[in-house]
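Remarks on the structure that follows.
Computed from a prediction, not measured in an experiment: that's the story for all the values here. Each chain gets a letter, A, B and so on, in the order the sequences are listed, and its residues count up from 1.
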Amino acid sequence: MKYIIAVIQPHRLEAIREALAGIGVQGLTVSEVRGFGRQKGQTEIYRGAEYVMQYVPKVKLEIAVDDAIADAVVEAVGAAARTGRIGDGKVFVLDLEGAMRVRTGEMGADAL
Amino acid sequence: MKYIIAVIQPHRLEAIREALAGIGVQGLTVSEVRGFGRQKGQTEIYRGAEYVMQYVPKVKLEIAVDDAIADAVVEAVGAAARTGRIGDGKVFVLDLEGAMRVRTGEMGADAL
Amino acid sequence: MKYIIAVIQPHRLEAIREALAGIGVQGLTVSEVRGFGRQKGQTEIYRGAEYVMQYVPKVKLEIAVDDAIADAVVEAVGAAARTGRIGDGKVFVLDLEGAMRVRTGEMGADAL
Amino acid sequence: MIDAGNTAWLITATALVLFMTLPGLALFYGGLVRAENLLSVLMQCFAIACLVSVAWLAGAYSLAFNAGGPLIGDLGKVLLIGVPRDAVAPGTTLPESVFFMFQMTFAIITPALIVGAFVERMRFSAVMLFSLLWLLLVYVPVAHWVWGGGWLAAMGVRDFAGGLVVHLTAGVTALVLAILLGPRLGFPDDVRPPHAPWMTLAGGCMLWVGWFGFNAGSALTAGADAGMAMTVTHISAATATLVWIVIEWMKFGKPSVVGAVTGAIAGLASITPASGYVGPGAAVVIGIAGGTVCYFMVGVIKRRFRIDDSLDVFAVHGVGGATGVALTAVFMDAALGGVGFPEGGSMSGQASIQLIGIGATLLWSLVVSFVIAKVVQAVTGLRVSAETEEQGLDVRLHGERAYNM
Amino acid sequence: MIDAGNTAWLITATALVLFMTLPGLALFYGGLVRAENLLSVLMQCFAIACLVSVAWLAGAYSLAFNAGGPLIGDLGKVLLIGVPRDAVAPGTTLPESVFFMFQMTFAIITPALIVGAFVERMRFSAVMLFSLLWLLLVYVPVAHWVWGGGWLAAMGVRDFAGGLVVHLTAGVTALVLAILLGPRLGFPDDVRPPHAPWMTLAGGCMLWVGWFGFNAGSALTAGADAGMAMTVTHISAATATLVWIVIEWMKFGKPSVVGAVTGAIAGLASITPASGYVGPGAAVVIGIAGGTVCYFMVGVIKRRFRIDDSLDVFAVHGVGGATGVALTAVFMDAALGGVGFPEGGSMSGQASIQLIGIGATLLWSLVVSFVIAKVVQAVTGLRVSAETEEQGLDVRLHGERAYNM
Amino acid sequence: MIDAGNTAWLITATALVLFMTLPGLALFYGGLVRAENLLSVLMQCFAIACLVSVAWLAGAYSLAFNAGGPLIGDLGKVLLIGVPRDAVAPGTTLPESVFFMFQMTFAIITPALIVGAFVERMRFSAVMLFSLLWLLLVYVPVAHWVWGGGWLAAMGVRDFAGGLVVHLTAGVTALVLAILLGPRLGFPDDVRPPHAPWMTLAGGCMLWVGWFGFNAGSALTAGADAGMAMTVTHISAATATLVWIVIEWMKFGKPSVVGAVTGAIAGLASITPASGYVGPGAAVVIGIAGGTVCYFMVGVIKRRFRIDDSLDVFAVHGVGGATGVALTAVFMDAALGGVGFPEGGSMSGQASIQLIGIGATLLWSLVVSFVIAKVVQAVTGLRVSAETEEQGLDVRLHGERAYNM
Ligand SMILES: Nc1ncnc2c1ncn2[C@@H]1O[C@H](COP(=O)(O)OP(=O)(O)O)[C@@H](O)[C@H]1O
Ligand SMILES: Nc1ncnc2c1ncn2[C@@H]1O[C@H](COP(=O)(O)OP(=O)(O)O)[C@@H](O)[C@H]1O
Ligand SMILES: Nc1ncnc2c1ncn2[C@@H]1O[C@H](COP(=O)(O)OP(=O)(O)O)[C@@H](O)[C@H]1O
């Protein structure tokens, strides 16, 4: 199994989720993160003082998937997340050794 | 070493922490996440308009452990997190190649 | 490639980012987490009742890097994060099998 | 001659009505939008208040309230020049400065109410320009017709505190702007829920308390009329809230905070025109009527006609205000605990006068605000870019974020 | 005859006291609960205010204040029928509508205070039913005894603004409900800390400011009595706050915001019954006494007796109110800067009257609210399910979340 | 003889001015700091209010306002002993208790304004000690000079509501403390942006509304003077806000909420000393002047001189207040719509008097607050540890967090 981590533009989240549902991904976990990279943050100005926001609000997806569909998932996320603008984000693939569904105790791919 | 990621029901957190303390886990890292899966979110209604919350509030645990106790940890988390209701969550196990305790620079299992 | 996860004291973040920029790390992802470990949380007192905060506010960094600089990154983070006080945090190193830059579709090390 | 008691009350009432907008309405509206647009809403209310205040001094007050003909006042009191410090407002026991300020607070809140129609997508420059023109071309004339000795006043229309002048003008204009601007991205299925219902309740409570100044202040004296106006205002608000709670409880099994406070506003808007003419029993009926009608109108506009009058300004203020104006003709009947009809008046007679008032106000607001919107569209453009709308107006238009945690 | 100055002040005072509940008390309480229960608290305060308002018009006012015997008033003023618009409230220079409204705001805040006892776990239907019955069976009779010409008034009890009628009735009832409902899940060790102390302070400030209307308004005139009532009210609040800060500083080395504002409320509750009868020096003493006693009672109830009167209604309002009622007998002495005892009265004599007042109010509130609670338990059930309590009342009972960031 | 109308207004004005500090100023300042320091700011404002209140009763009031010589009053009214309940404040139609309270609210907000200079880094014990000494050694004397029959009053200085007594004293002291304390860690490049601009706007609105009590209340009567004071106050605030919006729009293309509300405060501070003497036209000019000058002074202090007067107390209040005091000499001219100069006075004559007032107040505040700061530094130390500053004052000094989500 693979553990796929994607860092994306917040407003692409729904599109990605639908794309993933399309290829049979049943679940995922989402969190709010701040990204640092080529894309620079907005400048805020308070009483004449500029505050350059070093970080850009991003959304992080964590998706555990069976090896079989791993590449398809990476593809799907990439396609749905892409706007072509700097800051579109990254997709990372890690190896996943084990998984368990808490409710049933099922192990491995059945747990996903 | 293993890097164990668990996504659980928020109100089970304390129970799990105690269970882990029981088997000698000294530390862990917690974050608030939103989960998407079989369990559906609450519906909110504002001025007659329904908003189905796609996501369910969950808590994510990250626990780096020595190989020796990895299985025991997965067991313990599963047992303490289980309520039998849909949405109890998942436990994922990844391989952990290295660890360092910042304060002392200790490496490997000693760092945990 | 390696996927480096660091849990640090919030106020060390900027120092670490500068240290990393120094050794050519272009990007990273930051999130707010709560840590449990040897360091104990503050006590809050409301109307005479004490609330011991089990968790300490921490910041989590996720940094995908090329194998070549992995050790240097761990070093740099450790050095910049270290204050010598309990609670300085941890650095974890996981193996990273794949990476994609969403914007361009670039794969592997070029995506970082 | 100036009366200290009445003046004490009207200065207080002025503070209360200003408090309705700053921060009452701003927070009430702010809680209903996305967190990324909170500041833009607060900014719109705040800047409108300032713009209107200066315009009011510069001539709007004079055009609305100084002599003139049936349609509009004159410019005799521009900048209050020629008004001595201790001048008494005609027909009152108040310093004119107090009457000027009290009326200003009404002129402030009315365009601010319209904000609810275009939140989360209108350009700030367009908001400013539209509000200024609208004050001069819609609010000022209608205020003159009804309160400034204009033709509706001459005809005997009864609008104690602004069912026509405030709520109907704002409500109709809201509908016009909502249609011209088009809906928010994702409307109706993908808009985000109110980001802070608690804030909406806090703002709503400030509106309620401030409304005592709005309605009881409109008596222009501190006596029995003010007391009864306060009483019916409160009773109508409480009743309409309970109505809304009951409806939601029956329909969804979950009475909501946003619903309850919206009901209160509906009850307050509905009683406003009647508040100086009716008794407590009537207030209950008006509260029930206003609460019910507004509840269903929200659905009609938003879901049936799919018009994104985002914060339901027309359904709550326009409809509520008109309902109250119409019911005034019924409940001012002395037999029903009201003040009774004027010499030789009758319920049917008063009813037709009230309906003419509604029709004229509705028509004028509709046409003129449509024209103004078109002009503004040509000058500044109405709507922000899709990218700005996605990211939120706060950062893009105002360079700030409401929450920097 | 109606006096404009007095009426101006009492209309303002009415607005101030309403402001105490909406949004003052709602925010004060809301900040002390979990974020997942914030809306439920706001909703309870808001809905209680509406329910009480309608009930007040429907008969509660008449039963409390219209003639009748030593125990209860009559129904002569149901719906204010038969009360002319310009009626003067008996024994005042105010329109009766103003007196009706001013007293209504007291009837609103009293059951709202009780909310603090049952937050985070009581069913909304139970809250509504209990509050309505409690208004009629506890508040109305006691108000009649003390302020409506009932037996305690005849006996000469002194309760200027509601130490007995408001704070003691609410405090005792809070204790009864807390015991019958049982503690929150996890009490005492695992309950969550206040989710927004800043909100509690903001609400507490609104309570403080509004309290000027509460106490100084109870003079029913705008003169020296109102002025002195305002003065002693403020001094007592400030003193009690400093007391609380000093105690926390000594005990924990960390004076807290929640502690400071709780001290202020304790000082305000304690001075309330005395505020029309004592001088500034006495206010300092009452502030010190109220602050200290309430501080320690919080510990006694919550930690010694382990009763989850969640927001310390009894310890702060019940105890503070009773303390003030008792001390009134001391400090109304002219020799101590007070108004002096009535013809032929004495400190000891007044003291026993005050104690009878405390005893009677305490006993009546205890017994009747116990019975009401049992009835409500039978009809709607008192407590939500454990699952609802875990997830929070906002989503489960009201279909909303306070924060949608 | 006591007048009910005037008393009604002044009791209300007192409540409004207290509302300015609690919670207005507290929230206004609180929104501008880091989330980890929000409670410390609220606590400082709240505790200062309590401390000042007790000190005011204990003797400060007497020293400021009771007889005495050109420099300071006497102790004749310590604890208000010897002041009968129904005493009339000399030269007014108000109960002395009301005058005492009204003036107290001014004494409360002035040291609270200074909080803006030392947020996020000053010890709580130092704040308390400094504020107490400052009240007695700076505020009380200056208040006596200007309002208590002291030498500046004798000279004919005009400061209607506190340009000298409130804003200049606070502003100058802020600068002194900011320099002695040193900047916040990371200033100027690494300080965090305001954590809740929405809260700053909400608090700013409360300040604005409360300011009607501040300026119009200073007329001490409910008549034409109060009415005109309210009018010019509002107009100046609105104008200065628009000025600030326009400047930011031109400079950055993004008018901000924090900027707009800061502009309003600048306009309010600037009109304060003039509010009883000038007309509406002058209010526009003063608003423009105050808004512009303050805008640029913020940059001069913070960026040119790199002084971390964190919330710009000197630039906004000090400079705004002084500007208003100076312009009063111009616009009180009857020819310019003002009340006119006293018998035999002239613009140049009045101007020099006003400048002497500014110079004396500035010098006294500067020297005495420097000395007090040094004393406090010796006794308690001024600044928290770097670790406390990093973690935030809330948890470390008060054992609380503002947000426990
Ligand atoms: N080496 C990295 N490790 C982890 N996250 C990264 C890394 N580089 C970039 N990111 C994340 O991806 C986001 C987008 O990267 P950025 O360089 O801004 O744009 P792009 O990916 O289009 O070149 C960043 O905001 C950050 O959250
Ligand atoms: N494939 C997945 N990858 C990552 N997280 C997942 C995945 N599937 C489920 N989750 C997480 O587990 C939570 C519970 O899953 P769900 O399907 O709702 O219930 P259950 O695990 O009981 O079948 C989800 O809310 C989500 O946060
Ligand atoms: N086994 C672990 N797995 C994951 N995170 C951990 C683990 N142990 C500690 N941490 C994280 O590291 C932080 C610091 O650890 P702690 O034991 O408090 O101090 P130190 O690392 O200096 O010994 C903790 O707050 C927690 O977030």
Verdict with reasoning, E:Val257 to F:Phe46, per side chain to side chain contact (heavy atoms under 4.5 Å, CB included): CA-CA 8 Å; E:Val257 162; F:Phe46 198 77; over 6 Å; no

Dump the intermediate steps for side chain to side chain contact (heavy atoms under 4.5 Å, CB included) on F:Val54 and E:Val284, then the final yes or no. CA-CA 8 Å; F:Val54 174; E:Val284 174; 5.7 Å; no

Pair E:Lys254, F:Leu397 - check side chain to side chain contact (heavy atoms under 4.5 Å, CB included), show working. CA-CA 6 Å; E:Lys254 293 178 180 177; F:Leu397 301 191; over 6 Å; no

Residues E:Met228, F:Glu96; criterion side chain to side chain contact (heavy atoms under 4.5 Å, CB included); working and verdict: CA-CA 9 Å; E:Met228 187 53 76; F:Glu96 179 147 9; over 6 Å; no

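Both the backbone and the side chain of E:Ala260 come within contact range of chain F, judged by heavy atoms closer than 4.5 Å. For F:Ser40, no part lies under 4.5 angstrom from a heavy atom of chain E. Using a 4.5 Å cut-off between heavy atoms, F:Met101 contacts chain E through its side chain alone, with no backbone atom that close. Looking at F:Leu39, both its backbone and its side chain come within 4.5 Å of chain E, counting heavy atoms on both sides. Looking at E:Asp3, the atoms closer than 4.5 Å to chain F (heavy atoms on both sides) all sit in the side chain, from C-beta outward. Using a 4.5 Å cut-off between heavy atoms, E:Ala264 contacts chain F through its side chain alone, with no backbone atom that close. With a threshold of 4.5 angstrom between heavy atoms, F:Pro23 approaches chain E through its backbone and through its side chain. Neither the backbone nor the side chain of E:Trp211 comes within contact range of chain F; no heavy atoms are under 4.5 Å apart.
The minimum heavy-atom distance linking E:Ser256 with F:His398 is given by the pair CB-O, 3.5 Å. Of all heavy-atom pairs spanning E:Val209 and F:Leu22, the tightest one is CG2-O, 3.7 Å. Shortest non-hydrogen contact noted between E:Gly227 and F:Ile11 is N-CD1, 4.4 Å.
Heavy-atom pairs under 4.5 Å with chain F peak, among E:Gly259, E:Ala35, E:Pro197, at E:Pro197. No other option in E:Gly337, E:Ala8, E:Gly223 has as many heavy-atom pairs under 4.5 Å with chain F as E:Gly223. Of the listed residues (E:Gly5, E:Ala237, E:Pro255), the greatest number of heavy-atom pairs within a distance under 4.5 Å of chain F belongs to E:Pro255.
The side-chain heavy atoms of F:Phe100 and E:Thr231, taken from C-beta on, include a pair separated by under 4.5 Å. Side-chain contact between E:Met230 and F:Ser97 is absent, with no heavy atoms from C-beta onward closer than 4.5 Å. Two residues are said to be in side-chain contact when any heavy atoms from C-beta on lie closer than 4.5 Å; F:Asn404 and E:Arg192 fail this criterion. In this structure, the side chains of E:Ile235 and F:Met104 come closer than 4.5 Å at one or more pairs of heavy atoms. Residues F:Met405 and E:Tyr403 meet the side-chain proximity criterion, which asks for heavy atoms closer than 4.5 Å.
A distance of 6.0 Å or more separates the ring centres of E:Trp208 and F:Phe19.
Separating the CZ atom in F:Arg85 from the OH atom in E:Tyr277 is a distance of 10.0 Å, to the nearest 0.5 Å. Within the model, atoms CH2 of E:Trp198 and CG of F:Asp394 stand 13.5 Å from one another, a figure rounded to the nearest 0.5 Å.
Considering E:Val243, E:Leu242, E:Ile245, E:Thr239 in turn, E:Leu242 is the only one that fulfils the side-chain contact (heavy atoms from CB on, under 4.5 Å) rule with F:Cys50. Evaluated for a side-chain contact (heavy atoms from CB on, under 4.5 Å) with E:Trp9, the options F:Thr12, F:Thr7, F:Leu10 yield exactly one hit, F:Thr12.
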